[in-house]
J.: 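Below: one structure in structure tokens.
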Protein chains: 4
Amino acid sequence: MRKKELIRLSATKIIARDGFCKTKVQSIADDAKIAVGTVYIYFKNKDGILDYIFETQHKKIVKLSEKLESQNIPPLEKIKKILRYHFEELRKNPDLSSVLAQEGKMPVVYGSPWIKDGFVGIPYIFQKMLDESKEIGEIRDIDTELFGAIIFFTGIETAYLLQIQGKQDKHYSEFNELVTFIINGIKS
Amino acid sequence: MRKKELIRLSATKIIARDGFCKTKVQSIADDAKIAVGTVYIYFKNKDGILDYIFETQHKKIVKLSEKLESQNIPPLEKIKKILRYHFEELRKNPDLSSVLAQEGKMPVVYGSPWIKDGFVGIPYIFQKMLDESKEIGEIRDIDTELFGAIIFFTGIETAYLLQIQGKQDKHYSEFNELVTFIINGIKS
Amino acid sequence: MRKKELIRLSATKIIARDGFCKTKVQSIADDAKIAVGTVYIYFKNKDGILDYIFETQHKKIVKLSEKLESQNIPPLEKIKKILRYHFEELRKNPDLSSVLAQEGKMPVVYGSPWIKDGFVGIPYIFQKMLDESKEIGEIRDIDTELFGAIIFFTGIETAYLLQIQGKQDKHYSEFNELVTFIINGIKS
Amino acid sequence: MRKKELIRLSATKIIARDGFCKTKVQSIADDAKIAVGTVYIYFKNKDGILDYIFETQHKKIVKLSEKLESQNIPPLEKIKKILRYHFEELRKNPDLSSVLAQEGKMPVVYGSPWIKDGFVGIPYIFQKMLDESKEIGEIRDIDTELFGAIIFFTGIETAYLLQIQGKQDKHYSEFNELVTFIINGIKS
DNA sequence: GATGAATGAGTGTTCATTCAT
DNA sequence: TATGAATGAACACTCATTCAT
């Protein structure tokens with residue numbers, strides 16, 4: 001596999017376990033069975049690794065949302081699809097949900113170069129969809145900026161909670177509960 | 001003020017700004033205008049300071065929930081009251097909402113000595129209330145363990161989001177939106 | 001002794017032996033019988049230690065030259081006195097002559113904060129004295145900027161050469177030879 | 001050009017700018033537009049590059065001195081000729097004068113394999129010439145070992161000083177001043 | 001010979017923690 | 001209690017060197 005991806009996967013595993021700050025670059029390298037120095041060929045520094053983890057996930061979602069935009073789907077449905085996709089990703093990679101939940105609000109992330117259209121950009125995508133939804137009367141009059149973010153972070157959080165509550169197997173049904181919760185919570 | 005409280009407040013301020021791991025004990029001491037050594041009279045170590053921040057907030061909520069238990073209030077109403085109280089606390093101390101949101105899921109917290117009946121204990125309180133609520137048919141048949149945690153963390157998250165979105169002044173109305181969102185989301 | 005001086009002396013010893021770049025901060029700390037961390041209480045970084053060594057020597061010479069300025073001494077005599085003083089310093093501390101000779105022309109030194117009136121400032125002091133000397137016809141028409149520097153660096157170099165040629169004991173007579181060499185070299 | 005020479009020239013440029021210790025082999029390779037690995041085909045290690053720079057210059061001077069030996073020239077004249085040749089070399093390659101002045105007294109150089117008859121050998125050549133000169137009464141009774149070295153290093157130093165004082169164009173006249181300085185300094 | 005990705009020992013620097021005052 | 005200088009283990013990052021291609 002491409003070395004950079006190898007490092008991303010090992011880093012996700014270790015950071016999920018130890019937390020970003022307590023994670024040693026050496027541990028990541030050990031897990032990836034490469035030398036420390038190699039990490040620094042692909043990443044400027046330790047922060048860069050975390051950035052890349054977020055960036056990768058961010059890109060996937062943005063790509064999906066762009067694809068959905070070109071389709072004629074009701075906005076709430078689009079939100080559901082993105083949530084489902086993201087949820088499925090996190091189910092397949094539980095460590096990722098830990099990292100996103102644990103490190104997703106760290107100041108370090110907000111100082112990242114990709115922040116301009118970064119992870120925080122996804123709440124904005126949700127906001128736009130909620131705006132559309134509001135216009136056609138699907139949902140009631142909520143603060144879409146706030147709820148865009150709430151919905152996004154609640155999604156990550158729920159995936160994380162399922163994991164620490166040992167309910168990985170119920171992912172599918174619990175996800176439906178979550179969607180029902182959200183939709184009922186905002187619909188007119 | 002009692003030195004220990006002084007340290008807690010300074011620590012909350014600094015940790016909110018820099019994140020726990022990047023925070024230096026020296027910075028906290030500087031902010032509190034005391035010597036580093038003094039911190040170690042009141043706290044076993046750096047982790048102990050974060051513990052104490054969570055513990056303090058936890059105790060307040062447990063105290064309130066115990067008081068509510070002795071009263072004859074519908075369970076959903078109890079949840080609302082606790083959320084409102086917590087929200088009000090976070091509004092008065094925005095740094096606290098940053099700390100709770102940023103560090104509340106860190107492994108470090110889960111390794112803390114007070115964890116047994118700790119911060120994570122609050123979701124359990126919510127769970128019990130949701131169970132009661134479910135029994136009397138106020139809400140539909142949800143996974144109360146999961147939703148106890150979702151509701152609790154969403155509360156903290158929302159307070160944090162209001163702050164970074166610069167909506168401190170709309171705290172009250174946004175809180176009502178959040179409560180409506182949650183109640184609508186779970187009611188039968 | 002003051003810790004900072006202790007570090008300066010140990011650093012001079014170790015740098016003379018290993019060269020600045022190959023010198024480990026740990027070695028300096030070991031020699032000074034203190035912890036590495038202590039070095040960083042007194043110095044911003046490793047470069048700062050070298051700066052301080054130069055700065056200290058520079059200040060001594062500037063002080064002497066200021067004292068001489070206030071006296072009614074022929075300029076060539078002033079140069080002799082400064083050279084003699086510096087030479088005597090280097091004889092008492094052979095390691096210092098190694099450091100000044102070896103590191104005195106490194107780019108690192110030229111990037112130092114004290115460079116404005118720094119070590120390179122001493123050649124300028126010599127230049128002024130040569131200018132005076134030229135005016136009164138003591139010496140011939142030389143490029144005083146160039147020879148100010150040549151005389152200064154030759155002084156350091158000679159002290160260094162005496163050391164590596166194992167002639168520390170002949171310091172006094174060799175110094176007189178050097179002075180004669182310089183004076184004969186520039187006089188009218 | 002032969003790769004080894006290419007590397008020597010690039011190394012001289014980079015070392016003059018950054019100092020030997022701070023110079024990365026990668027930088028030299030970049031400047032020479034070759035791969036790092038290639039450097040290690042022509043040189044055993046990084047020190048070897050510096051050795052070669054000195055060795056090259058040393059060989060030229062030894063060659064010249066051997067040629068001069070076979071001619072019937074007064075010893076002082078020989079010294080002048082060598083100095084002039086060396087000076088001219090340094091004028092054509094200012095980076096070289098920086099390297100020789102900056103690194104010529106480093107312990108690293110004294111640990112080099114070619115040191116036995118190495119760069120430090122040139123002072124010895126000068127010493128022999130001064131001995132001859134002293135015998136025929138051209139110069140006064142000086143410590144020829146010391147002055148052989150002083151004269152040699154002063155030559156390098158002066159070339160270096162001319163460069164940092166921005167007097168490259170005056171090289172010729174300044175050189176004559178230097179020679180006059182030295183000859184007057186040592187003659188009977 | 002030439003390459004440059006990979007290596008990993010080595011080092012500057014930080015910072016939680018201690019303890020003599 | 002309070003102090004803050006001193007400690008030294010720990011860690012991010014570098015870079016000379018190697019070797020499979």
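Remember, predicted model here, so these are calculated numbers, not experimental data.
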J.: Given that B/Tyr42 and C/Tyr42 both sit by DNA chain F, which one's nearest nucleotide is further toward the 5' end?
T.: B/Tyr42
J.: Just checking A/Lys13: does its NZ atom have more than 12 heavy atoms from other residues, nucleotides or ligands closer to it than 6.0 angstrom?
T.: no
J.: Roughly, in whole Å, what's the span from NZ in A/Lys4 to P in E/dA5?
T.: 14 Å
J.: Checking A/Asn93 against A/Glu89: is there a side-chain donor and acceptor pair closer than 3.5 Å?
T.: no
J.: How many Å lie between CG on D/Leu6 and P on E/dA2, as a whole number?
T.: 11 Å
J.: Using 0.5 Å steps for rounding, measure from the CD atom of D/Glu103 to the OG1 atom of D/Thr12.
T.: 11.0 Å
J.: If you find the nucleotide of DNA chain E closest to A/Lys3 and the one closest to D/Lys33, which residue's nucleotide is nearer the 5' end?
T.: D/Lys33
J.: Return the value, rounded to whole Å, for the distance between atom CG of A/Asp18 and atom C1' of F/dA10.
T.: 15 Å
J.: Hey, where does DNA chain F pair up into stems, meaning at least three consecutive Watson-Crick or G-U pairs with distances under 3.5 Å?
T.: E:2-21 with F:2-21
J.: Taking atom NZ as the centre, does A/Lys60 end up with more than 12 heavy-atom neighbours from other residues, nucleotides or ligands that are less than 6.0 angstrom away?
T.: yes
J.: How long is the straight-line distance from OG of D/Ser98 back to CG of D/Leu90, given to the nearest 0.5 Å?
T.: 9.5 Å
J.: Which whole-number value in Å describes the distance from C/Ile41 CD1 to E/dC15 P?
T.: 14 Å
J.: Heavy atoms only: give me the nearest B/Ile15-B/Thr23 pair and the separation to one decimal.
T.: CA-OG1, 3.5 Å
J.: To the nearest Å, give me how far apart CZ (A/Phe43) and P (E/dA5) are.
T.: 16 Å
J.: Quick one, give me the B/S/- string for nucleotides 14-21 of chain F, reading 5' to 3', where B means a protein heavy atom under 4.0 Å from the base and S means that only happens at the primed atoms, P, OP1 or OP2.
T.: BSSBB---
J.: So, the side chain of D/Ser10 versus the backbone of D/Ile7: is there a donor-acceptor pair under 3.5 Å, distance only?
T.: no
J.: In this structure, how many angstroms lie between the C1' atom of E/dT11 and the CD1 atom of C/Ile14, rounded?
T.: 16 Å
J.: A/Lys4: which residues meet the salt bridge (Lys or Arg N to Asp or Glu O under 4.0 Å) condition with it, sequence neighbours left out?
T.: none
J.: Would you check if the side chain of A/Lys46 reaches a backbone N or O of A/Cys21 as a donor-acceptor pair within less than 3.5 Å?
T.: yes
J.: In whole angstrom, give the distance that lies between atom CG of A/Asp30 and atom P of F/dA12.
T.: 12 Å
